[in-house]
Engineer: 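Sharing a structure below in C-alpha cells format, with a few things to ask.
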Amino acid sequence: MVQKFTILFDLDGTLVDTAPDLMNAHNYVMKKYGFETKTTEDIRQLVGKGASSLIGRSVWGQAKKEFGQISDQGIKREMVKDFIDYYAKNISAESKLVKGVLEFLNWAKKNNISMAVCTNKQENLSIKLLKEIRIYDYFEYVAGSDTFDYCKPDPRHLTNVIEIMQGDIKKSLMIGDSETDAESAKAAGVPFILLEDGYTEKKVSEIYHDYLVKNFINIEQIVSKYLNH
C-alpha cells in the first residue's frame, strides 16, 4: 500500500484565529473572581498550553500575591471550569479561519493528502470548533490535550496520530504557530512550517522552523517540495 503524505495542524492561531472568543471567556472568569481583564493581544501570548495554563499564567502574571493566597485548589478548578463552560457556549462567536486556510485544505484534499489536528485544546472543544467553523470534515483525526496521556510538546502527540492514520514519519510535516508546536515537530523528526504571528510570547527567530509563512496563501508551493521528494 502506498502511504499518503500526512500534514498535522495546530488549531488555535494556526487554522483558526480563536483569540477573540478565548479573550471573552477569559475576561468573563477574571471579572467573576475579581482579577483584571486582558486584551486580545495579551491572550495571543498566553494560548497554547491549555485552559488551566491560560488562566493560571494570566493570573500569576498580574496578581501573584492574590492567586498564591488561593490555597483552595477547588476554587482554581472552578475558575478553569467556568472558563471552559463559557467558552464552549461561545466557541465560534468571533473566531475566524486564518487567511488562506480553506483554499489550502481544498488543495490538500485534491492532492490526496491525509490531514489531522494536533492541539492542546481539549478534544471535545476542538471538534466542536472545527464543526462550527465548518472544516471538521477535512480531517481524518483530531487529537486534543486529553486524547492521550501526553500532549505537545511531547512528540508522541504527533507520532501517535501519524501511526493511527497509517502514515509515515518520513512523509509527514507539521504546521503550527508556537514553540510548543516547533518543539514537538523537532522531537518527532518532521519538518515544521511556522506561522509568523503566532499565539506565543517568543519571537519567530527564537522558534525552530524549516519555513516561515505569514498565512496559508501560497503555502502549497512549500508543501509540494516535500510531496515531490
Side-chain angles (χ1 to χ4, degrees), residues 6-32 37-55 58 79-110 113-148 151-152 157-158 161 164-165 174-178 180-181 193 195 197-200 213 215-217 219:
T6 304
I7 299 178
L8 307 174
F9 299 84
D10 174 52
L11 181 51
D12 295 86
T14 299
L15 290 169
V16 186
D17 182 10
T18 54
D21 290 320
L22 287 165
M23 178 192 71
N24 291 337
H26 173 276
N27 287 347
Y28 165 79
V29 174
M30 291 297 110
K31 285 176 187 172
K32 182 175 178 180
T37 56
K38 293 279 188 184
T39 66
T40 311
E41 285 310 308
D42 292 331
I43 295 298
R44 284 191 171 96
Q45 294 183 0
L46 294 169
V47 176
K49 296 180 181 176
S52 300
S53 178
L54 189 152
I55 295 293
S58 174
M79 291 177 77
V80 175
K81 182 181 180 298
D82 285 349
F83 171 86
I84 291 171
D85 288 349
Y86 184 95
Y87 180 60
K89 290 171 188 168
N90 303 277
I91 200 164
S92 63
E94 295 180 49
S95 293
K96 290 182 173 62
L97 292 176
V98 168
K99 192 174 183 181
V101 163
L102 196 56
E103 293 81 358
F104 179 74
L105 294 177
N106 282 319
W107 175 85
K109 193 174 181 181
K110 197 185 294 183
I113 294 170
S114 294
M115 294 181 280
V117 172
C118 292
T119 174
N120 282 352
K121 196 186 212 75
Q122 289 182 345
E123 184 184 312
N124 66 315
L125 290 177
S126 302
I127 291 171
K128 181 177 171 63
L129 174 61
L130 291 166
K131 284 182 175 178
E132 288 193 17
I133 212 153
R134 299 183 178 180
I135 57 170
Y136 176 74
D137 291 339
Y138 287 94
F139 304 103
E140 293 178 28
Y141 199 84
V142 177
S145 61
D146 53 349
T147 303
F148 310 122
C151 61
K152 296 179 299 184
H157 199 185
L158 310 189
V161 170
I164 288 167
M165 294 168 68
M174 172 83 185
I175 302 175
D177 70 309
S178 73
T180 306
D181 302 320
I193 300 174
L195 267 77
D197 300 318
Y199 288 5
T200 174
V213 296
N215 50 47
F216 280 79
I217 302 295
I219 203 171

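If you're wondering where the values come from, they're calculated on a predicted model, not measured in any experiment.
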Engineer: Identify the two heavy atoms, one from Val142 and one from Ser126, that lie closest to each other, and give their separation to 0.1 Å.
Structural biologist: CG1-CB, 3.9 Å
Engineer: Does a donor on one side chain sit under 3.5 Å from an acceptor on the other, for Asp10 and Tyr199?
Structural biologist: no
Engineer: Could you give me the CA-CA distance, side-chain angles and deciding distance for Gln122 and Ser145, then say whether side chain to side chain donor-acceptor pair (under 3.5 Å) is met?
Structural biologist: CA-CA 5 Å; Gln122 289 182 345; Ser145 61; 5.6 Å; no
Engineer: How long is the span from the CG atom in Leu130 to the CD atom in Glu132, to the nearest 0.5 Å?
Structural biologist: 10.5 Å
Engineer: Check whether the side chains of Lys32 and Tyr86 place a donor and an acceptor atom closer than 3.5 Å, and report yes or no.
Structural biologist: no
Engineer: Yes or no on side-chain contact (heavy atoms from CB on, under 4.5 Å) for Met79 and Met30, after CA distance, side-chain angles and deciding distance?
Structural biologist: CA-CA 8 Å; Met79 291 177 77; Met30 291 297 110; 4.0 Å; yes
Engineer: Considering all heavy atoms of both residues, which atom of Lys109 and which atom of Met115 are nearest to each other, and what is their separation?
Structural biologist: N-CE, 4.0 Å
Engineer: Shortest non-hydrogen contact from Ile133 to Ser95?
Structural biologist: CD1-O, 3.7 Å
Engineer: Will you find, in the side chains of Ser114 and Glu140, an N or O donor that is under 3.5 Å from an N or O acceptor?
Structural biologist: yes
Engineer: List the atom of Ala93, the atom of Asp21, and the distance in Å for their closest heavy-atom pair.
Structural biologist: N-OD2, 3.3 Å
Engineer: Measuring from atom CG of Asn120 to atom NE2 of His157, what distance do you get when rounded to the nearest 0.5 angstrom?
Structural biologist: 6.5 Å
Engineer: What is the minimum heavy-atom distance between Thr14 and Leu195, and which atoms define it?
Structural biologist: O-CD2, 3.7 Å
Engineer: What I'd like to find out is whether the side chain of Thr37 reaches to under 4.5 Å of the side chain of Tyr28, using heavy atoms alone.
Structural biologist: no
Engineer: Within a strict 4.5 Å, meaning less than it, do heavy atoms of the Tyr136 and Ile127 side chains meet?
Structural biologist: yes
Engineer: So do the side chains of Val98 and Leu15 get within less than 4.5 Å of each other, counting heavy atoms only?
Structural biologist: no
Engineer: Could you measure the distance from the CE atom of Met174 to the CG atom of Leu158? Nearest 0.5 Å is fine.
Structural biologist: 5.5 Å
Engineer: Would you mind checking if Asp85 and Lys81 are paired as a salt bridge, meaning a charged N to carboxylate O distance below 4.0 Å?
Structural biologist: yes
Engineer: Quick one: do Lys96 and Val16 satisfy side-chain contact (heavy atoms from CB on, under 4.5 Å)? Show the steps, please.
Structural biologist: CA-CA 6 Å; Lys96 290 182 173 62; Val16 186; 5.9 Å; no
Engineer: Using a 4.5 Å cut-off on heavy atoms from C-beta on, say whether the side chain of Ile175 contacts that of Leu8.
Structural biologist: no
Engineer: Measuring from Ile84:CD1 to Leu125:CG, what's the distance to the nearest 0.5 Å?
Structural biologist: 6.5 Å
Engineer: State the OG1-CG distance between Thr119 and Leu11, to the nearest 0.5 angstrom.
Structural biologist: 4.5 Å
Engineer: Quick one: CZ on Arg134 to OG on Ser92, what's the gap to the nearest 0.5 Å?
Structural biologist: 9.5 Å
Engineer: Sequence neighbours excluded, which residues qualify as ring-ring contact (aromatic ring centres under 6.0 Å, His included) partners of Phe216?
Structural biologist: Phe104
Engineer: Quick one, Phe139 and Phe9 - any side-chain contact, counting heavy atoms below 4.5 Å?
Structural biologist: yes
Engineer: Do the side chains of Asp181 and Lys152 get nearer than 4.5 Å, heavy atoms only?
Structural biologist: yes
Engineer: Could you check Asp177 against Thr200 for side-chain contact (heavy atoms from CB on, under 4.5 Å), going step by step and ending with a plain yes or no?
Structural biologist: CA-CA 8 Å; Asp177 70 309; Thr200 174; 5.7 Å; no
Engineer: Do Lys121 and Leu129 come close enough that some side-chain heavy atom pair is under 4.5 Å?
Structural biologist: yes
Engineer: Any heavy-atom pair between the side chains of Tyr87 and Thr18 that's under 4.5 Å?
Structural biologist: yes
